[in-house]
Amino acid sequence: MKRTSDWLWLRVVCPVFLLLMALPAIPAQAQTFAYVADPHTSTVSVIDTANNKLVATIADGVYPWGLAITPDGSRVYVADTGSNSAVVIDTASNKVVATVAVGNNPIGAAVTPDGSRAYVANAFANSVSVIDTADNIVVATITVGNGPYGLAFTPDGSRAYVANSQSSAFPNPGTVSVIDTASNTVTGTIIVGVNPLGVAITPDGRRAYVTNGGDFTVSVIDTASNTVTATVAVGAIPFWLAITPDGTRAYVANGADGTVSVIDTANNTVVATVAVGIFNGPFGVAITPDGSRVYVTNSSGDTVSVISTASNKVVATVKLAAGSGPFGVAITPAFGTRTSLKSSLNPSIYGQKVTFTAIVKSSGPIPPTGRVKFTWGDTIGSAALNSHGVATITRSNLNADPYPLVAVYSGDAHNLSSKSAVLNQVIVETTSAATITSSQNPSTHGQPVTLTATITSPTVIPTGPVTFSAGKMVLGTAQLGGGKAKFTTSTLGVGSTTITATYYGDSNIAKSSASVIQNVK
C-alpha cells in the first residue's frame, strides 16, 4: 500500500517534481495542540504547542494526508488516502470516533466556519465530498476540476476555493474551482499557475492565495471578481500554505528546496525565506491562533519545524516517531476575547462595599472559563468566571486613593487571554464624628473622673488613638476599642475646665473632636 500511495503522490503533485530533483522516497503545535497527519506510520501525532512535546499518537486509517479541525476544536477530520475515507478524531479523548467513506484518493480537508460541514477533496475522483458533521454522513458530492488537492473557505462560509492540481495537459495552467456552499455547486473556475496545490484565504475574505507546485509561484485571487491580481515567485515546489490571523503574512512550504517563503500580503512580495532543511521536504503549514508560531511538517523527515513569526527563524524542532513522514498539520483553535470592567460605585467612600465586575466575551463558539485577576499593579483579588463569562469581587478595605484597575483574563484551552481598559476607581476619605461624656460631672477635687470619647463613621468603625486635652495641655491618650476610648484623671483643678477629645484620624478617616465642660468643686 505504501509503494502504491507514493506513486499516486508523485502523479498528483506534478511531473516536474522528478525533473527538478529527486526527493528521497517518502519513508515508511490559549492551550492548543497541533495535529499532524503521517501517512508513513498511519498515525496522527498530537503536539502540545505550549512546550512542543509530543503528547499522543493516534492510529488513523491507512494513509492520512490532509486534515482540518472544527471551529470548536472538538473534532479533527482526516483525509485518509489509503482507505478512501475521512477519519474523525475526538480531541478530548484523541480517539477515532467515526470513519466516513468519501471519494477516490482524498487529499485535502476543510471545515466550514460554522462547523456544520466538512469538505474533502478527492484527487482521483475529481470531486469534493460534503460531510454533515452532526451525523458524519456524506450529504453531497461536487464535481470539480482535475485532481482537487487543497481547499479553503471564505470567512463567512459562503464559498469554498478548491485547487485542482492537474491540468488537462501538463504544463498548462491549472485551475481553482469556486463552490457556492449554499447550493454545493461550482459557480466559477479561475485559471492560476501550473499544478495548484494549496489554498489559504485572508481573514477578511478578500483574497485567496494558491500555491502552484509546477511553476514555483503563488497566485493571488481577488475573491470579489475571482481574478488573479498578482503572482508571487517563491521556492521550489510550494505545497501548502497558511496565513497569519492578522492577515499580514502568508507562509509557504517549498517542498523541493527545504524552505518556507514568507509573503507580505500588503504588497505580495517575499520578505523572508526560512530554511528548514534541504532534505526535509516541507509540506504542511499551520499557524497558532495568536499568530506567534508556524508549524511546518517535514515530509521527507520525521520532524515538525516551529518558526517564530517575530524573527522568522526556526525556534524548535519536534521529533516524531522514527520512520515518520508527516504531511498535513492543523492546530486546535483558540479564540480572541474581550474583557470589560465596571464598578458598582465610583467614586466610593472608604469602607463602602464596592463590587467589581469583569465580563469576558469570546469571539468563538465556546464560552470562556477560568479566572480573572483584578489588579492595579498589586492584585486585589481574583475570581472564577461563571457560565455567562462574568467574574466579580467585592472589596471594602481599599485605602482612600485612586486605583487604575484592570481585569486580566488568563485564558483557557480554547480562548486567548485579554485584559480590560483601565478603570480609574476613586476611593475618598470617610468622615468621622466625636462625642465625649464624663462619668461624674460635677465632681469633687481629687475625685477620679472617667472621660469617654465615642468616635463614629458612616462606613467603618474607627480605630486608633484619641487625645484628651484641657486647653493646650494634653491630659493623655487612649486607644479606641469598639469606637470608644476612655481616659481617667483625678488632677483637674477646681472650677470649670473644657476638656476636648480629638481623633486625628488617618489617610482614610477624617479628623473629628468634641468637648465637655467639666465642673470640679
Side-chain angles (χ1 to χ4, degrees), residues 30-33 48-53 73 245-246 288-293 308-310 332-432 457-464 480 483 504-510:
Q31 184 180 32
T32 57
F33 296 91
D48 184 344
T49 62
N51 54 24
N52 290 321
K53 300 293 185 183
D246 63 5
T288 53
D290 63 2
S292 66
R293 285 161 297 153
S308 163
T309 57
T332 53
F335 302 98
T337 60
R338 185 176 71 253
T339 299
S340 60
L341 175 63
K342 62 182 180 180
S343 166
S344 63
L345 186 63
N346 192 15
S348 62
I349 299 171
Y350 173 73
Q352 281 184 319
K353 288 184 177 181
V354 181
T355 298
F356 299 103
T357 300
I359 302 173
V360 181
K361 294 185 177 180
S362 172
S363 63
I366 301 177
T369 60
R371 300 189 68 82
V372 173
K373 180 172 67 175
F374 299 81
T375 180
W376 57 282
D378 288 340
T379 298
I380 65 171
S382 66
L385 289 171
N386 64 18
S387 59
H388 300 290
V390 177
T392 62
I393 62 168
T394 300
R395 294 291 181 269
S396 61
N397 60 347
L398 296 177
N399 291 330
D401 263 320
Y403 292 87
L405 284 175
V406 293
V408 181
Y409 171 56
S410 57
D412 61 18
H414 302 287
N415 296 288
L416 298 174
S417 62
S418 62
K419 68 178 181 178
S420 70
V422 173
L423 169 69
N424 289 303
Q425 176 71 33
V426 177
I427 299 176
V428 298
E429 185 182 65
T430 190
T431 59
S432 70
S457 168
T459 57
V460 294
I461 298 175
T463 59
L480 285 167
Y504 288 97
D506 54 27
S507 60
N508 296 317
I509 307 175

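When reading the values below, keep in mind they use all heavy atoms of this one structure, side chains included, and skip hydrogens, waters and symmetry mates. The model shown is predicted, which means the values in this text are computed figures rather than measured ones.
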Is there a side-chain contact between [X] and [Y] in this structure, where contact means two heavy atoms from C-beta onward sitting under 4.5 Å apart?
X: Pro458; Y: Thr430; value: yes
X: Val426; Y: Asn346; value: yes
X: Thr339; Y: Val408; value: no

Show the nearest heavy-atom pair for residues [X] and [Y], with the distance to one decimal.
X: Pro245; Y: Pro289; result: CG-O, 3.3 Å
X: Ala510; Y: Ser432; result: O-OG, 2.6 Å
X: Gln425; Y: Ser348; result: NE2-OG, 3.3 Å
X: Pro367; Y: Ser387; result: CB-O, 4.4 Å
X: Phe335; Y: Ser363; result: CB-OG, 3.5 Å
X: Leu416; Y: Thr337; result: O-OG1, 2.8 Å

Can any side-chain N or O of [X] pair as donor or acceptor with the backbone N or O of [Y] at less than 3.5 Å?
X: Thr309; Y: Ser292; value: yes
X: Asn399; Y: Asn508; value: no
X: Thr459; Y: Tyr350; value: yes
X: Ser308; Y: Arg293; value: no
X: Ser418; Y: Tyr409; value: no

Next on the checklist: Quick check on Leu345: does its CG atom have over 12 non-hydrogen neighbours (other residues, nucleotides or ligands) under 6.0 Å away?
Outcome noted: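 For Leu345, atom CG is crowded (more than 12 foreign heavy atoms under 6.0 Å).
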
Checklist entry - Among pairs that include at least one residue of residues 377-401, which meet ring-ring contact (aromatic ring centres under 6.0 Å, His included), considering only residues two or more places apart or in two chains? => result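 The answer is none; no pair qualifies.
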
Atom [atom1] of [X] and atom [atom2] of [Y]: how far apart are they, to the nearest 0.5 Å?
X: Thr32; Y: Asp290; atom1: OG1; atom2: CG; result: 7.5 Å
X: Ile393; Y: Thr355; atom1: CD1; atom2: OG1; result: 9.0 Å
X: Ser362; Y: Asn415; atom1: OG; atom2: CG; result: 3.5 Å
X: Leu423; Y: Ser340; atom1: CG; atom2: OG; result: 10.5 Å
X: Lys373; Y: Thr379; atom1: NZ; atom2: OG1; result: 4.5 Å
X: Ile349; Y: Ile427; atom1: CD1; atom2: CD1; result: 11.0 Å

Checklist entry - Where does the angle between the aromatic ring planes of Phe374 and Phe356 fall among parallel (under 30°), tilted (30 to 60°) and perpendicular (over 60°)? => result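 Rings of Phe374 and Phe356: tilted, 30 to 60°.
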
Checklist entry - Does one side chain, of Asp412 or Thr369, offer a donor that lies under 3.5 Å from an acceptor on the other? => result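 Yes, because at least one side-chain N or O of Asp412 sits under 3.5 Å from a partner of the opposite role on Thr369.
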
Next on the checklist: Before you tell me yes or no, could you show the steps for Leu405 and Ile380 under side chain to side chain contact (heavy atoms under 4.5 Å, CB included), namely the whole-Å CA-CA distance, both residues' side-chain angles and the distance that decides it to 0.1 Å?
Outcome noted: CA-CA 9 Å; Leu405 284 175; Ile380 65 171; 3.9 Å; yes

